[in-house]
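Some notes on the structure that comes next.
Note that the structure is a prediction, hence the values are computed from the model and not measured. One-based numbering along the sequence shown.
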Amino acid sequence: MRQVIVTPYQTSWPYTFEQEAARLRTVFGERLLAVHHIGSTSVPGLSAKPILDILPVVDTLDGIEAFDAAMEAIGYEVKGEFGMPGRRYYRKGGDNRTHHIHLYATGNPEIVRHVVFRDYLRHHPGEVRAYSDIKEQLATQYPTDISAYIAGKDLFVKAMEQRALLWWSRG
């Protein structure tokens, strides 16, 4: 059973991201165009489940399965699209997850959505506090029910995503 653990922001997360990004650059080589640290661990001051979300961008998904063995060799479980067409998902750490990889081909709109959401939070400390409060409350309320935790923050996150996209569009 997975525990829902939300911790205060850890200053080690950016360093851990850089280490993993270097591994991904080695795996994907010239196919890799960018690597973004996304999700709650990418926002200073934001409480988070201690799992790094990483978004690599490749030239195309054509033939990307050829890298699955190399991803397994560095500890990842290969999950394919895992319910999201246009994405390749990998996770590390089993029930005690440490990393989620959301790989997309350049041009996929999900890239902008994730990066804009991150950047919006980095520029809006009031939103960071509100989001931290909700996550901490839900983790206390649902310590062993990840589905209820996710559902509990869904409306808040969707509303914040809309505010983030509006902020970005006014750029």
Side-chain angles (χ1 to χ4, degrees), residues 6 9 13-14 16-18 20-68 70-71 74 76-93 97-128 130-132 134-135 138 146-147 149-171:
V6 172
Y9 178 80
W13 288 337
T16 304
F17 161 73
E18 288 299 336
E20 205 63 18
R23 288 183 189 98
L24 295 172
R25 287 182 190 100
T26 299
V27 167
F28 292 102
E30 292 179 5
R31 299 279 310 268
L32 189 66
L33 305 178
V35 184
H36 301 283
H37 187 185
I38 60 167
S40 296
T41 62
S42 71
V43 179
L46 182 58
S47 296
K49 295 190 316 291
I51 303 168
L52 267 68
D53 285 290
I54 301 173
L55 193 157
V57 179
V58 293
D59 54 354
T60 177
L61 292 182
D62 293 341
I64 209 69
E65 292 77 16
F67 297 94
D68 287 354
M71 288 297 284
I74 62 170
Y76 283 94
E77 181 182 1
V78 176
K79 301 301 286 182
E81 286 187 336
F82 205 61
M84 293 189 69
R87 174 186 78 164
R88 296 299 180 273
Y89 178 68
Y90 308 83
R91 63 188 183 196
K92 184 186 271 192
R97 297 224 183 95
T98 57
H99 299 76
H100 292 160
I101 303 295
H102 311 268
L103 183 140
Y104 291 98
T106 188
N108 189 304
E110 288 296 305
I111 300 166
V112 170
R113 184 179 69 82
H114 283 291
V115 172
V116 166
F117 188 74
R118 176 202 65 199
D119 291 351
Y120 175 77
L121 282 168
R122 287 179 175 176
H123 286 90
H124 294 85
E127 295 275 45
V128 170
Y131 193 22
S132 289
I134 285 173
K135 290 164 53 148
L138 290 167
I146 190 70
S147 296
Y149 169 83
I150 292 168
K153 62 183 188 134
D154 185 61
L155 286 176
F156 180 88
V157 169
K158 285 181 176 166
M160 192 173 2
E161 282 180 348
Q162 291 307 307
R163 292 190 299 275
L165 289 169
L166 181 61
W167 168 80
W168 176 70
S169 71
R170 293 178 177 168

Please confirm whether the backbone N or O of Ser42 pairs with a side-chain atom of Arg122, one donor and one acceptor, at under 3.5 Å? yes
Restricting to non-hydrogen atoms, name the atom on Val35 and the atom on Ala21 that form the minimum distance, rounded to 0.1 Å. CG1-CB, 3.8 Å
Which atom pairs, donor and acceptor, lie under 3.5 Å between side-chain atoms of residues 51-64 and protein residues at least two apart or in another chain?
residue : atom : partner : partner atom : Å
Asp53   : OD1  : His100  : ND1          : 3.4
Asp53   : OD1  : His102  : NE2          : 2.8
Asp59   : OD1  : Arg31   : NE           : 2.5
Asp59   : OD1  : Arg31   : NH2          : 3.2
Asp59   : OD2  : Arg31   : NE           : 3.2
Thr60   : OG1  : Asp62   : N            : 3.2
Thr60   : OG1  : Asp62   : OD2          : 3.4

Does the side chain of Tyr120 come within less than 4.5 Å of Glu161's, by heavy atoms? no
Distance (rounded to the nearest 0.5 Å) between Leu33 CG and Ile111 CD1: 8.5 Å
Val6 and Tyr149: side chain to side chain contact (heavy atoms under 4.5 Å, CB included), yes or no, with the steps? CA-CA 11 Å; Val6 172; Tyr149 169 83; 3.6 Å; yes
Shortest non-hydrogen contact between Leu103 and Phe28, atoms and distance: CD1-CZ, 3.6 Å
Is Pro50 close to Trp13 at the side-chain level, that is, under 4.5 Å between some pair of heavy atoms? yes
How are the rings of Tyr76 and Tyr90 set to each other: parallel, tilted or perpendicular (split at 30° and 60°)? perpendicular
Separation of Met160 CE from Glu127 CD (nearest 0.5 Å): 5.5 Å
How would you list, by chain and number, every residue that makes a salt bridge (charged side-chain N to carboxylate O under 4.0 Å, His left out) with Arg118, sequence neighbours excluded? none
Measure from the side-chain N and O atoms of Arg87 to the backbone N and O of Phe82, and report whether any donor-acceptor pair falls under 3.5 Å. yes
Rounded to the nearest 0.5 angstrom, the NZ-NZ distance for Lys135 and Lys49 is 6.5 Å
Are any of the side-chain nitrogens in Lys92 or Glu77 under 4.0 Å away from the carboxylate oxygens of its partner? no
Mind listing the closest non-hydrogen atom pair of Asn108 and Gly86 along with its distance? ND2-O, 3.6 Å
Please tabulate, for side-chain N and O atoms in residues 164-171, each donor-acceptor pair with protein atoms closer than 3.5 Å (sequence neighbours left out).
residue : atom : partner : partner atom : Å
Ser169  : OG   : Leu165  : O            : 3.4
Ser169  : OG   : Leu166  : O            : 2.8

If you measure from the Lys or Arg side-chain nitrogens to the Asp or Glu carboxylate oxygens, is any gap between Glu110 and Arg113 under 4.0 Å? yes
Nearest 0.5 Å, please: how far is CG in Asp154 from CG in Leu138? 11.0 Å
Nearest 0.5 angstrom please: His114 NE2 to Tyr104 OH, how far? 4.5 Å
Mind checking whether Arg88 and Glu65 have side chains closer than 4.5 Å, heavy atoms only? yes
Can you tell me how far NE2 of His99 sits from CZ of Arg23, rounded to the nearest 0.5 angstrom? 7.0 Å
In sequence, state the C-alpha distance, the side-chain angles, and the governing distance for Thr41 and Phe17, and then conclude on side chain to side chain contact (heavy atoms under 4.5 Å, CB included). CA-CA 9 Å; Thr41 62; Phe17 161 73; over 6 Å; no
The test is side chain to side chain contact (heavy atoms under 4.5 Å, CB included); show your working for Ile38 and Phe117 and say whether it passes. CA-CA 8 Å; Ile38 60 167; Phe117 188 74; over 6 Å; no
Does some side-chain heavy atom of Tyr9 sit less than 4.5 Å from a side-chain heavy atom of Ser132? no
